[in-house]
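Here is the structure we will look at, set down as structure tokens.
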Protein chains: 2
Amino acid sequence: MNNNQIFVKKLRSSGLRPTKQRLHICKVLFDRKDTFHFTINDLADLVQRQLNKKISLATIYNTVHAFKKKGYLKEISINSDKNYFDTNISNHHHFFNEGTNELIDLKDKDVGRIKIKKNIPGKKIKFIEVIVKIANNN
Amino acid sequence: MNNNQIFVKKLRSSGLRPTKQRLHICKVLFDRKDTFHFTINDLADLVQRQLNKKISLATIYNTVHAFKKKGYLKEISINSDKNYFDTNISNHHHFFNEGTNELIDLKDKDVGRIKIKKNIPGKKIKFIEVIVKIANNN
DNA sequence: TTACCTGCAAAGAGTTTGCAGGTAG
DNA sequence: CTACCTGCAAACTCTTTGCAGGTAA
């Protein structure tokens, strides 16, 4: 299956029609070796630069949100200023460089087992998110 | 030292004059037994309900930000929708109930030591934030 | 008296929505 | 052909800023 077919499948399974604009969004998101951390703005800029043509924010937003809902993208809570997404949907955590606003993946094995010793009756743990804020060494 | 004197001291050490409005903000924030998790909106509502009078958002914002800068309040990154603050400035983590948007403190001892096995050259770890997302048990 | 503060309103940033023309199926 | 999509612009929400009158020191 080539990339384009994969993208079409992702879009369809997210309830979206595979339009030209959305296939370009997919290309920017998923046609890469490494994890991609981005804000909506980053993504819009990249897609538009690649296409050399304006793409509506409405399209970017609805595509990203559909992918997030379907689980093809993860949202990362860093701070309230910027809303980050991550194409790495495996279980992992992050370094966040506050100087540069850069996110770096921490593989699951890079973080020791996290033990939560408190229990809330009637609730179960859904997901643990760890953000390791880093700064220059001086 | 009574509460009012403590509040005046907090304000002054944050570079703010102790005005009537700010003393009320202090009362809502710090005159309580338990940790208080809030958004700017929560705080504005509470202060205004107590005073039965409108308080400018400008005042709320500049006071909260000055306290945060001075370290009397902590900011918590949960998601991009809401910006939470915490009157508990000790080292601790949080449960976040996604159904109710409620934050619950995890004492430091409730979370096992977190071991980060990866190092970024030239950077040091400033601070680790853990959010444990919880949901109903069913 | 002077510098800071308050309240209001307007301005910004990021996100969402409504609509009319366009496109996939 | 119909339902969905796109692009645009307007609307919304949250936060910040500017200003004129008011208050702390």
Side-chain angles (χ1 to χ4, degrees), chain A residues 4-5 7-28 38-70 73 75-85 101, chain B residues 4-5 7-28 38-70 73 75-85 101:
Chain A
N4 211 66
Q5 289 173 309
F7 299 160
V8 170
K9 212 172 155 186
K10 281 199 161 156
L11 286 166
R12 287 211 195 282
S13 61
S14 305
L16 299 174
R17 284 187 181 165
T19 63
K20 209 181 309 177
Q21 291 87 341
R22 288 186 176 143
L23 287 169
H24 270 285
I25 294 173
C26 284
K27 194 151 179 269
V28 171
F38 64 97
T39 64
I40 293 281
N41 237 322
D42 297 337
L43 180 58
D45 283 354
L46 274 171
V47 173
Q48 293 179 28
R49 201 169 312 141
Q50 271 206 11
L51 271 174
N52 204 29
K53 179 168 171 308
K54 191 138 185 31
I55 280 202
S56 173
L57 276 180
T59 305
I60 307 266
Y61 273 102
N62 67 30
T63 306
V64 166
H65 288 156
F67 281 160
K68 181 193 156 190
K69 192 173 171 192
K70 183 66 183 179
L73 291 174
E75 197 170 0
I76 310 168
S77 313
I78 302 291
N79 62 41
S80 52
D81 297 349
K82 302 214 165 212
N83 195 2
Y84 286 88
F85 293 90
N101 275 13
Chain B
N4 212 66
Q5 290 173 306
F7 299 159
V8 170
K9 213 172 155 188
K10 281 198 160 158
L11 286 165
R12 286 211 194 283
S13 60
S14 306
L16 300 173
R17 284 187 182 167
T19 63
K20 209 181 310 177
Q21 292 88 339
R22 287 186 176 145
L23 287 169
H24 272 283
I25 293 172
C26 284
K27 194 151 176 268
V28 171
F38 63 97
T39 64
I40 294 282
N41 237 323
D42 297 337
L43 179 59
D45 283 354
L46 274 171
V47 173
Q48 293 180 28
R49 200 171 310 142
Q50 270 205 13
L51 271 174
N52 204 29
K53 181 169 168 310
K54 190 140 185 31
I55 280 203
S56 173
L57 276 179
T59 306
I60 307 264
Y61 274 101
N62 68 30
T63 307
V64 166
H65 288 156
F67 280 160
K68 181 194 155 189
K69 191 172 171 192
K70 183 66 184 180
L73 291 174
E75 196 169 1
I76 311 169
S77 312
I78 303 290
N79 62 41
S80 52
D81 298 348
K82 303 212 164 214
N83 196 1
Y84 286 86
F85 293 90
N101 276 11

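Below, read A as the first sequence line, B as the second, and so on, with proteins coming before strands; counting in each chain starts at 1. No experiment lies behind these values; they were computed from the predicted model shown.
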Does B:T39 offer a backbone N or O that forms a donor-acceptor pair with the side chain of B:D42 under 3.5 Å?
yes
Answer yes or no: is there a donor N or O on one side and an acceptor on the other, between the side chain of B:S56 and the main chain of B:A58, under 3.5 Å?
yes
Taking OP1 and OP2 of [N], is either one under 4.0 Å from a side-chain nitrogen or oxygen of [X]?
| X | N | value |
| --- | --- | --- |
| A:T59 | D:dT6 | yes |
| B:Y61 | D:dT16 | no |
| A:Q21 | C:dT23 | no |
| B:K53 | C:dG7 | yes |
| A:T19 | D:dT6 | yes |

Between atom [atom1] in [X] and atom [atom2] in [N], what is the gap in whole Å?
| X | N | atom1 | atom2 | answer |
| --- | --- | --- | --- | --- |
| B:N41 | D:dC12 | CG | P | 17 Å |
| B:N4 | D:dA24 | CG | P | 13 Å |
| B:R22 | D:dA24 | CZ | P | 12 Å |
| B:N83 | C:dA13 | CG | C1' | 14 Å |
| A:L43 | C:dG14 | CG | C1' | 15 Å |
| A:H24 | D:dT6 | NE2 | P | 12 Å |
| B:L57 | D:dT13 | CG | P | 14 Å |
| B:F38 | D:dC14 | CZ | P | 16 Å |

Take the angle between the ring planes of B:F38 and B:F85 and call it parallel below 30°, perpendicular above 60°, tilted in between.
parallel
Going through the checks in order, is the side chain to side chain contact (heavy atoms under 4.5 Å, CB included) test met by B:R22 and B:N62?
CA-CA 10 Å; B:R22 287 186 176 145; B:N62 68 30; 3.2 Å; yes
Of D:dC8, C:dC8, D:dT16, the nucleotide closest to the side chain of B:H65 is D:dT16
Would you indicate which nucleotide in C:dT16, D:dC8, C:dC5 comes nearest to any side-chain atom of B:L16?
C:dC5
Return whichever of A:K54 or B:I40 has its heavy-atom-nearest nucleotide of DNA chain D closer to the 5' end.
A:K54
More 5' along DNA chain D: A:N62 or B:R12, using each one's nearest nucleotide?
A:N62
Starting from the 5' end of DNA chain C, give me the residue, B:I55 or A:R17, whose nearest nucleotide shows up first.
B:I55
Could you give the distance from CD (B:Q48) to NE2 (B:H24), rounded to the nearest 0.5 Å?
12.0 Å
